[in-house]
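Worksheet for the structure shown next.
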Amino acid sequence: MKLTSRSVSRAVLVSAVVTATASAAVLVATTSANAATTLGASAAQSGRYFGTAVAANKLGDATYVGILNREFDMVTAENEMKMDATEPQQGQFSYGNADRIVNHARSRGMKVRGHALAWHSQQPGWMQNMSGTALRNAMLNHVTQVATYYRGKIHSWDVVNEAFADGGTGARRDSNLQRTGNDWIEAAFRAARAADPGAKLCYNDYNTDNWSHAKTQGVYRMVQDFKARGVPIDCVGFQAHFNSGNPVPSNYHTTLQNFANLGVDVQITELDIEGSGSTQAQQYQGVVQACLAVTRCTGITVWGIRDSDSWRASGTPLLFDSSGNKKAAYNSVLSALNNGTQPTGTTQPTTTTQPTNPGGSCTATYAEGQKWSDRFNGQVTVTGASNWVVTVTLSSPQKVIATWNTTATWDSSGTVMTARPNGNGNVFGFTVQHNGNWNWPSLSCRTG
Ligand code: XIL
């Protein structure tokens, strides 16, 4: 008997019981997957984090803090580390509210994303009217002072936020900072690196999710240029504020992968999706799957905890309702993070053998393949016989939409596939359109 395991790191234990009958051996195997039950723990299974924006003035709200401490392992200050908050008067720095968030997080083992060192928006009044060299120096001093103050405590800094224009140009946004010279962004990154060499340094923006949009291309070219010239950039943040007018693009995975291919990490930094019910849940699932499909997508942060905490509360864009209950979107995110394994207590996929089969025994082992928002690949390795017949049983409403290295037939329900060799060896594969059901198929092997 041979058992599958998803991966070494997941260490999913599968127990199986073999029952032999006179004519054929039948294997029945059941187990409970140790699927994680919180966002942070489920993301951690693949080495990723799951964070939220936090507002300092909510740290006295027991429901809020209860969810924060239970679910998340990364925190971003929603407003408290912005330029107007940390340097309200020029040269006078103020870290009280930011520290409350940082201390809350760090004392509980959560990490912190710093947001944001340089931005055209939420500038203190004194800075808004500055220009030229004075503004450039004030900005660089701000970056240096704040990044130095938090040195060693920040996982990733949004060094520069939202520097590109919307629309079809792919150009920089006009701002007082931009008018100090096109090199203001790289100057900010160099100052941040000098101040905190241990923090990952990110460029962060919105409307950069669709690969075919000019703004996405503009940011991509800047990151490509920075990497080519040795400007210290480690990551790109995708804010990911979605709604019906700006839905999750179908090429999201492509966007994340193309940026990662430049040699930077990618992070989803301010995720919220307006909507409700299963539509919203599916969109969240698609975002999580896009991140999981990209090795260098290192974590996801949602922009608030309950809908009532959101900066866009009327769009109910978050994972918990205003009373703190988990929404459908929460469940879809959790299950996507658990990579399609079932919650604890449900049946796991099994492999089967027929040790008493006169034709010889065989073993079929399942391995997960690539996953997309609507489908996933599975691969089966057969050992023990070359004249194998593997039965692949899907869970409704799943459907196989492609196969390779096998000749396959289906029963009338369309959920039981019988796979035989087609001359291409003993490893075959198939694509399952999951229709919302991410369960693995179960397998049995006989010879024939
Ligand atoms: C928002 C906050 O959520 C609000 O509380 C504040 O009034 C405005 O800023 N892009 C960003 C975030 O980078 O800092 C913004 O946060 C949302 C858009």
Side-chain angles (χ1 to χ4, degrees), residues 51-59 61 64 68 72 74-88 94 97-98 100-102 105 112-125 127-128 139 142-143 146-147 150 154-166 172-173 175 177-178 185 188-189 192 200-210 213 215-216 219 222 235-243 245-246 248 266-274 287 299-320 322:
T52 180
V54 167
N57 64 10
K58 292 191 175 140
L59 289 174
D61 176 330
Y64 181 88
L68 168 62
F72 298 97
M74 176 73 84
V75 154
T76 306
E78 185 171 0
N79 289 296
E80 293 79 351
M81 281 193 197
K82 294 173 181 174
M83 299 176 102
D84 57 351
T86 50
E87 195 177 356
S94 161
N97 284 330
R100 288 176 62 204
I101 295 173
V102 171
V112 179
R113 289 193 86 262
H115 174 79
L117 291 171
W119 189 18
H120 70 275
S121 182
Q122 292 185 265
Q123 292 182 357
M127 185 182 275
Q128 289 176 26
M139 180 275 287
H142 180 87
V143 170
V146 177
Y150 284 112
I154 304 295
H155 174 279
S156 299
W157 264 115
D158 291 332
V159 178
V160 170
N161 197 31
E162 300 183 351
F164 277 74
D166 293 311
R172 297 282 183 88
R173 168 198 297 277
S175 71
L177 291 169
Q178 181 63 30
I185 297 181
F189 274 83
K200 287 186 181 288
L201 304 182
C202 304
Y203 175 78
N204 192 54
D205 214 329
Y206 67 93
N207 279 354
T208 48
D209 311 289
N210 191 321
H213 284 181
K215 186 172 178 182
T216 310
V219 174
M222 179 188 75
C235 37
V236 175
F238 295 81
Q239 292 186 10
H241 297 295
F242 295 112
N243 57 28
N246 177 36
V248 182
V266 294
Q267 303 172 353
I268 293 170
T269 54
E270 304 182 12
L271 177 62
D272 54 14
I273 307 177
E274 293 187 354
V287 172
I300 299 172
T301 297
V302 287
W303 206 239
I305 297 178
R306 299 162 301 194
D307 284 334
S308 50
D309 301 317
S310 170
W311 69 312
R312 315 193 287 173
S314 63
T316 62
L318 294 173
L319 301 179
F320 295 87
S322 297

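As the structure lists them, so they are numbered: ligands from 1, and atoms in each ligand from 1.
Looking at Gln267 and Ser156, their side chains do bring a donor and an acceptor atom within 3.5 Å of each other.
Leu177 is listed as a side-chain neighbour of Gln123, based on a closest heavy-atom distance under 4.5 Å. Under the 4.5 Å side-chain criterion, counting only non-hydrogen atoms from C-beta, Cys235 is not in contact with Val266.
Enumerated by chain and number, the residues approaching ligand 1 to less than 4.0 Å through a heavy atom are Glu78, Asn79, Lys82, His115, Trp119, Gln122, Asn161, Glu162, Gln239, His241, Glu270, Trp303, Trp311.
When every heavy atom of Ser310 is checked against every heavy atom of Leu318, the shortest pair comes out as CB-CD1, 3.6 Å.
In summary, Arg306 and Asp61 engage in a salt bridge, as defined by a charged side-chain N under 4.0 Å from a carboxylate O.
For the ring pair (Phe, Tyr, Trp, His ring centres under 6.0 Å) test, no residue two or more places apart in sequence or in another chain qualifies with Tyr206.
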